Structures are given as C-alpha cells and as structure tokens.
Student: 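I'd like to ask you about the structure that follows.
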Number of protein chains: 2
Amino acid sequence: MTAPRRRSAPATRAAILDAARERFGTTGYDRVTMRQVAGDVGVDPAMVVRYFKTKEDLFTEAARFDLGLPDLDGVHPEDLAAVLMPRFFAVWEGDAGFLSLLRASASSDAAGAKMLELFAGQVYPALAAAAVDRPAERASLLGSQILGLAFARYVLKVPPLVAMSRDDLSEWVAPVFRHYLTGPPTVC
Amino acid sequence: MTAPRRRSAPATRAAILDAARERFGTTGYDRVTMRQVAGDVGVDPAMVVRYFKTKEDLFTEAARFDLGLPDLDGVHPEDLAAVLMPRFFAVWEGDAGFLSLLRASASSDAAGAKMLELFAGQVYPALAAAAVDRPAERASLLGSQILGLAFARYVLKVPPLVAMSRDDLSEWVAPVFRHYLTGPPTVC
DNA sequence: CCGTCAAGTCACCGACTGTTGACTTGGAGG
DNA sequence: CCTCCAAGTCAACAGTCGGTGACTTGACGG
C-alpha cells in the first residue's frame, strides 16, 4: 500500500486540473498562482506548464463542463423550479468549475465571453423550450435570477440565503421561474 | 485659459479617485495597477500612494457611496418596481463605484464583506420596510435578483438584457419584486 | 527678490509572477 | 543487470507590481 513516488502522466494531469478547479473556484483567476496549484499537488510548478501550456489554457480547461440541463419541453410551468433547482444545486455545489468561471467573468472579458458562450450553448436552448414567446428575453431574465442567486449564496454568502434549505429556496423561486418563462407581458 | 501646471492638492486627490473608480469599475481590482491610475491623471505613481496610503485604501475609498434608496414604507406592492428601478439604473449606470465593488467582491473576501456591509446598512433597511414578514429572507431574495440583473446587464452584457429598454425591464421584474416582498410562502 | 513649503518627480527596492530550458531520477523492458 | 525514455526537479530569467525615500520645481507671501 505504499504510495507510488511517481504517478502516471494522466494522473498528475488530472490532479493538477482538480487543484486548479478548487483554487480558481475559491480565490478567483488573478489571485491564483501556478506555484500554488503545483504546491497543492506536491509537484514542481514546471509540471503545470508541461501539461497545460499556459495559465489561461489551464483555466480554460478547468472552466469547461456540462451543466446537464434536462429537456424542458412539455414540463408544466408549475414544475419548472422542481426540475431546474436540483441541477442548480448540483452544479454550484459540485466541483468548483462553474464558480471559477463566475468569479473570473467579473474581472476578465475573456472569461465573460466564455460565460456567454456557455449560456448560449446550454442554458438558452434548455430554457427556450419552455418559453411561450420571446425566448431570448425570457431565458436571459431567468438566467439573471439564477446567476444572482448563485452569486449571493455561494460567492457573497449572504447569511439568510446560506441558511435557507434547498426546498425553501425552490419554493421561493418557483413563481419567479414560472413568471419569466410563461407570464406577462405577452404583447408589445 | 492656460491649464495650470500645478493643481491644488484636493483637486489631484479627487482626480485620482475618479480615475480609480473608472478603472476599478471596468477592469476589476486585481487588474488595475497604481501606475495606470496615475497615468490616467497624468501624474507620477508616487502621488497615488501619497494621497491614498495603499492600493486597498484607494479601493476602499473608491467603493464607498450612497445608494440613495427611498423610503418604501406604505408603498403599494404593485408600485415597488416603479420606485426601485429608477434607483437601480441610476446606481449602476452612474459613476462606476458600485460596479467596482461588485467586480472585486467576486474574487476578494474583503470586498465581499464590504458588499455585505452595504447590503445590511442600506439595502436591507429599505426593503425590510416593505416586507410583510421574514424581512431578512425576502430582502435577500430580492437583492439576489437585483444583483443578478446588474451582473448580467452591466458585467456580462448579455445581449438581450442590454437591448431591453428600462421600461420593459421594470415591467418584467415588477411581479418578481412584489412576490419576493409580499407573496407566499407566509406559513412555515 | 528671495526664502519656504507644498506639489510633484525620480530612481530604486524587494517580492512575486508566468515561463523556460537544462538537468536528474525512477521504473519497465530487453 | 543495463538502457532508455518519460516523469519530475532545479535554477533562473525577464517583467511587473506595490511601495519608499530623497530630490526638484513651482507659486506665493514678505
């Protein structure tokens, strides 16, 4: 059961990626140093640049993931929150990839662009399927509520929001989800 | 009409503060250098540290301001958005002080604490006056929506949200404001 | 006209950053 | 056992950062 003094290349690569995700998620892009990431894994900083050419490339890889949003076509408006919120908690409380991106997008245009890309590629298609009209506006509004909730709960850690149970939170936002996707205004 | 080669001390101090606000608001704390700020004003970097002892002190001063929230006591729930949204636009589209704080709070615990402080000191008291019960939870939820809207519109610049008029935006969020402050759930 | 004091400049320090290239070491295959 | 190549280390570079302290310059009062 002796730990091997030398890992396989994919194993160290994965370990570095995990450490990077964790650091980026808790500290933000700029305040993370490659030496810190290397130190977390117990490896020389040169290894980080060996496997991920540059810091930005490392971040790009760390901030890529699948939101796993379900198909909302045919879901009853009343059930939207019940379907979406479990994914919300899974994504934001899981590995810190998404938090990294959120933190970084606050101070980097490049990261902001990645966030928009992710929205366009995964969030918008899922939400648009449940919108009665004006899918872009409705999806964006709902997205802003989700983003704000994540920012307040997981970044700022606003005490009342941190203290709320998942069920209570889902109950609170359910009417909002319904309103943004199916409520007025329908006319111009 | 010759420009004076030498300013008064308060004038340079104010100029530096303005430049810092602008930089912090558009680039974020970490990516702003004191040399940039000094350069914007056309002054030696040493002047910045002369008037604001340290970079963090400069930021602290740049991120302090008054939201100017009105008294919501007695305001009809239907009119909440009509009263609050003008302040929203004024604050986020005015001088970049608040944007600085939002950007910085994504990657700095110190800035995050300042944001919480500001919420507790100005946002919470105003919103709590209009909440029918559970003021902390209701105000936090509404705050998260406001924060998310600002983040999506002014930081990420989500195209559909940027394109929406102020009136349309107010109309969309009005039912949400009403729900968070006066809607269910009332029971535990 | 000149001394004085604040406003502003200058050169520089030490620390830290991302990144590089040459070196060393370990372990599996012949 | 020895060889060899990948896995990992080491020292160092070039650049930038925040911050310091001694110096210079300008305007104004006597």
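Excluded from the calculations below are hydrogen atoms, water molecules and symmetry mates; all remaining heavy atoms, backbone and side chain alike, are included. These numbers were taken from a predicted model, which means no experiment stands behind them. Below, chain A is the first sequence line, B the second, and so on; all start at residue 1.
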Student: Tell me the interatomic distance from Tyr51(A), atom OH, to dT19(C), atom C1', rounded to whole angstroms.
Tutor: 17 Å
Student: Report the residues that fulfil side-chain contact (heavy atoms from CB on, under 4.5 Å) with Glu22(A), sequence neighbours left out, ordered by chain and then residue number.
Tutor: Thr26(A)
Student: Could you check how far CG of Leu58(A) sits from C1' of dG18(C), rounded to whole Å?
Tutor: 12 Å
Student: In terms of the angle between their ring planes, are Tyr29(A) and Phe59(A) parallel, tilted or perpendicular, with boundaries placed at 30° and 60°?
Tutor: perpendicular
Student: Looking at dT19(C), dG18(D), dG8(D), which one has an atom nearest to any side-chain atom of Arg50(A)?
Tutor: dG8(D)
Student: Nearest whole angstrom, please: distance from the P of dT17(C) to the CD of Glu56(A).
Tutor: 18 Å
Student: Asp44(A) has an atom CG; how far is it from atom C1' of dT20(C), in whole Å?
Tutor: 12 Å
Student: By nearest atom, which of the nucleotides dC10(D), dA7(C), dG21(D) is closest to the Ala46(B) side chain?
Tutor: dG21(D)
Student: Closer than 4.0 Å, any side-chain N/O of Thr54(A) to the OP1 or OP2 of dT19(C)?
Tutor: yes
Student: Tell me whether the guanidinium CZ or amine NZ of Arg13(B) lies under 6.0 angstrom from the six-membered ring centre of Tyr51(B) and within 45° of its axis.
Tutor: no
Student: Got more than 12 heavy atoms from elsewhere within 6.0 Å of CG, Asp79(B)?
Tutor: yes
Student: Could you check how far CG of Asp57(A) sits from C1' of dG18(C), rounded to whole Å?
Tutor: 13 Å
Student: Measure from CZ on Phe52(B) to P on dA7(C) and round the result to the nearest Å.
Tutor: 13 Å
Student: If you find the nucleotide of DNA chain D closest to Pro45(B) and the one closest to Thr12(A), which residue's nucleotide is nearer the 5' end?
Tutor: Thr12(A)
Student: Any base atoms under 4.0 Å from Val41(B), or only sugar-phosphate, or nothing? Heavy atoms, all strands.
Tutor: nothing
Student: Pick base, sugar-phosphate or nothing for Met47(A), based on heavy-atom distances below 4.0 Å to the nucleic acid.
Tutor: base
Student: What's the NZ-P distance between Lys55(A) and dC16(C), to the nearest Å?
Tutor: 15 Å
Student: Start at the 5' end of DNA chain C and walk down; is the nucleotide closest to Arg35(B) or to Pro10(B) reached first?
Tutor: Pro10(B)
Student: Using whole Å, report how far CG of Asp30(B) lies from C1' of dG18(C).
Tutor: 16 Å
Student: Report the residues that fulfil side-chain contact (heavy atoms from CB on, under 4.5 Å) with Glu78(B), sequence neighbours left out, ordered by chain and then residue number.
Tutor: His76(B), Arg178(B)
